[in-house]
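Chain A is the first sequence line, chain B the second, and so forth, proteins listed ahead of strands; every chain is numbered from 1.
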2 protein chains.
Amino acid sequence: MRARKTETELRQEQIVAAALDMISAEGVHALSIVGIAERVGIVPSALYRHFKGKDDVLDGVLALLERRLLRNVTQVRKQTPDALSRLRLLLMKQAQMLSENRGIPHIVFSDGIYTGHPERKAKVAEIMQSHLSRIQKIIEEGQQKGAIREDVAPTTASVMFLGMILPAAVLGNLTEGGFDLIAHVEKAWPVFVRCIATNNKSQS
Amino acid sequence: MRARKTETELRQEQIVAAALDMISAEGVHALSIVGIAERVGIVPSALYRHFKGKDDVLDGVLALLERRLLRNVTQVRKQTPDALSRLRLLLMKQAQMLSENRGIPHIVFSDGIYTGHPERKAKVAEIMQSHLSRIQKIIEEGQQKGAIREDVAPTTASVMFLGMILPAAVLGNLTEGGFDLIAHVEKAWPVFVRCIATNNKSQS
DNA sequence: CTATATTGTGAACAGTGAATCACAATTCTT
DNA sequence: AAGAATTGTGATTCACTGTTCACAATATAG
């Protein structure tokens with residue numbers, strides 16, 4: 001059966017989405033042009049009408065990840081001005097995102113996406129560091145307003161914030177849902193708050 | 001040049017070590033029989049005298065990882081009876097281990113090691129969970145002795161403990177040493193202690 | 001020292017997956 | 001509606017990698 005002719009822009013989105021899905025399901029290592037094409041409903045060679053090659057697709061996936069991370073933070077900033085609330089909201093959003101799309105940790109951790117591609121490795125590093133610096137900024141603002149202790153380095157705190165969700169996401173992956181990511185995050189949050197919040201503020 | 005004839009047992013160790021080195025350097029994705037053979041100093045086909053195939057080698061790497069994780073915990077248990085001190089020591093050992101052997105996170109995270117091998121994925125999950133339950137046990141003992149707060153679930157605390165080191169290790173990997181793992185861990189530790197320790201105990 | 005088992009070697013095989021290309025079908029333009 | 005541009009298809013090529021096998025070299029046993 002012949003696939004319906006579809007404009008490149010839409011196909012590109014479909015292809016990147018299919019790639020991300022495939023990574024979520026089977027990992028970066030199992031990502032293949034054939035597999036992507038099947039999911040999109042076209043023939044492998046047709047994919048080359050829309051992307052220069054596999055590398056190009058991977059770059060697209062990376063760009064998607066970057067947009068999503070940025071979007072989460074900006075949304076959270078709009079929803080509340082309080083630093084701790086922002087962090088809590090962000091944590092929940094991340095947990096949601098990671099439990100829906102389990103491929104994301106693979107993108108960051110799995111080497112398969114950047115072995116032999118130093119520039120892409122640098123790109124991944126840049127994405128992570130940008131994300132961290134956004135978290136860091138929220139923390140710094142919280143310190144200025146007195147909600148967050150001054151004696152914790154914002155950098156350290158931001159990495160620890162990641163640490164609340166990242167190992168949990170990996171466990172969720174490994175056990176294929178045998179580990180409840182959301183539940184963990186909800187338990188971990190009050191503990192984390194005690195690490196960084198000033199005592200004069202109580203958090204339910 | 002011909003490689004010296006060496007008994008299987010020794011060769012197996014060499015091969016597993018070479019595989020781990022290779023993973024550290026270039027990632028699981030770049031792990032190849034040819035590469036391993038080169039590092040060991042034999043020809044690819046000779047490797048099959050000592051391992052049934054690539055899968056067998058990967059199982060060997062996993063077993064090595066398992067032994068090392070277990071060893072760290074047992075060593076720490078011998079060195080001190082105090083729960084918080086044990087955790088601190090363990091944290092440092094892990095940091096040391098991860099900064100020396102950067103391939104380890106890849107083994108756990110990279111899908112390349114278990115795509116299409118459900119049994120190996122289960123094995124990795126088991127290794128991680130065993131390790132977590134050991135940490136958990138230390139925490140529970142600390143709670144009984146009153147050093148660790150009762151209101152933090154040991155499971156949550158153990159995952160958070162992992163979270164102190166794991167994202168840092170990944171960042172270290174991504175930036176190729178641009179992120180000081182040891183330094184982060186030393187800063188994060190006192191913050192973490194505040195999360196879980198009872199207030200009546202002060203930790204320098 | 002000789003026989004046997006063990007280990008190493010090179011060549012060849014097979015499967016996989018990315019990429020290319022000429023050609024066909026479809027959509028868009030005018 | 002006719003021509004041009006775009007998109008889809010199937011066949012094919014190419015490189016890579018894991019694996020096997022007959023044979024050679026080396027260590028070990030009796």
Quiz item: 5'-most contact on DNA chain C: B/E7 or A/S32, nearest heavy atom basis?
Solution: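 In this pair, the answer is B/E7.
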Given atom [atom1] of [X] and atom [atom2] of [N], what is their separation to the nearest angstrom?
X	N	atom1	atom2	answer
A/E38	D/dT9	CD	P	12 Å
A/L47	D/dG10	CG	C1'	16 Å
A/I33	D/dT9	CD1	P	15 Å
B/L58	D/dG18	CG	P	10 Å
B/I36	D/dT17	CD1	C1'	12 Å
A/F51	D/dG8	CZ	P	12 Å
B/Q14	C/dG8	CD	P	9 Å
B/L10	D/dA27	CG	P	14 Å

Quiz prompt | A/R120 bridged to A/D55 by N-O distance under 4.0 Å | solution = yes
Quiz item: Using 4.0 Å as the upper bound for N to carboxylate O, is an ion pair formed by B/R68 and B/E100?
Solution: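 So B/E100 does not pair with B/R68 through a salt bridge.
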Quiz item: Is the closest side-chain heavy-atom distance between A/R88 and A/T80 below 4.5 Å?
Solution: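 No; the side chains remain at least 4.5 Å from each other.
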Quiz item: Looking only at side-chain N and O atoms, does A/T8 come under 4.0 Å of OP1 or OP2 in D/dT7?
Solution: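 For A/T8, the contact criterion (side-chain N or O under 4.0 Å from OP1 or OP2 of D/dT7) is met.
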Quiz item: Is the phosphate of C/dT6, meaning OP1 or OP2, less than 4.0 Å from a side-chain N or O of B/H50?
Solution: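 For C/dT6, neither OP1 nor OP2 has a side-chain N or O of B/H50 closer than 4.0 Å.
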Quiz prompt | Side-chain donor or acceptor of A/Q143 paired with backbone N/O of A/V152 under 3.5 Å | solution = yes
Quiz prompt | Sole residue of A/E66, A/Q94, A/E126, A/Q136 in side chain to side chain donor-acceptor pair (under 3.5 Å) with A/H131 | solution = A/Q94
Quiz item: Relative to the 5' end of DNA chain D, which residue comes earlier, A/A46 or B/D55, by the nucleotide with the nearest heavy atom?
Solution: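 Result of the comparison: A/A46.
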Exercise. Specify the closest pair of heavy atoms between A/A30 and B/T115, including all atoms of both residues, with the distance to one decimal.
Key: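 So the minimum-distance heavy-atom pair works out to CB-CG2, 4.2 Å.
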Practice problem: Apply the test salt bridge (charged side-chain N to carboxylate O under 4.0 Å, His left out) to residues B/E26 and B/R39: give CA-CA distance (whole Å), side-chain angles for both, the deciding distance (0.1 Å), then the verdict. | Solution: CA-CA 13 Å; B/E26 304 173 66; B/R39 292 190 179 225; 3.7 Å; yes
Quiz item: Just by protein heavy atoms under 4.0 Å, how would nucleotides 23-30 of chain C read 5' to 3' in B, S and -?
Solution: BBBBS---
From the list [options], which nucleotide is the closest neighbour of the side chain of [X]?
X	options	value
B/P44	D/dT9, C/dG8, D/dT19	D/dT19
A/T6	D/dG8, C/dA19, D/dT20	D/dG8
A/Y48	C/dA19, D/dG8, D/dT19	C/dA19

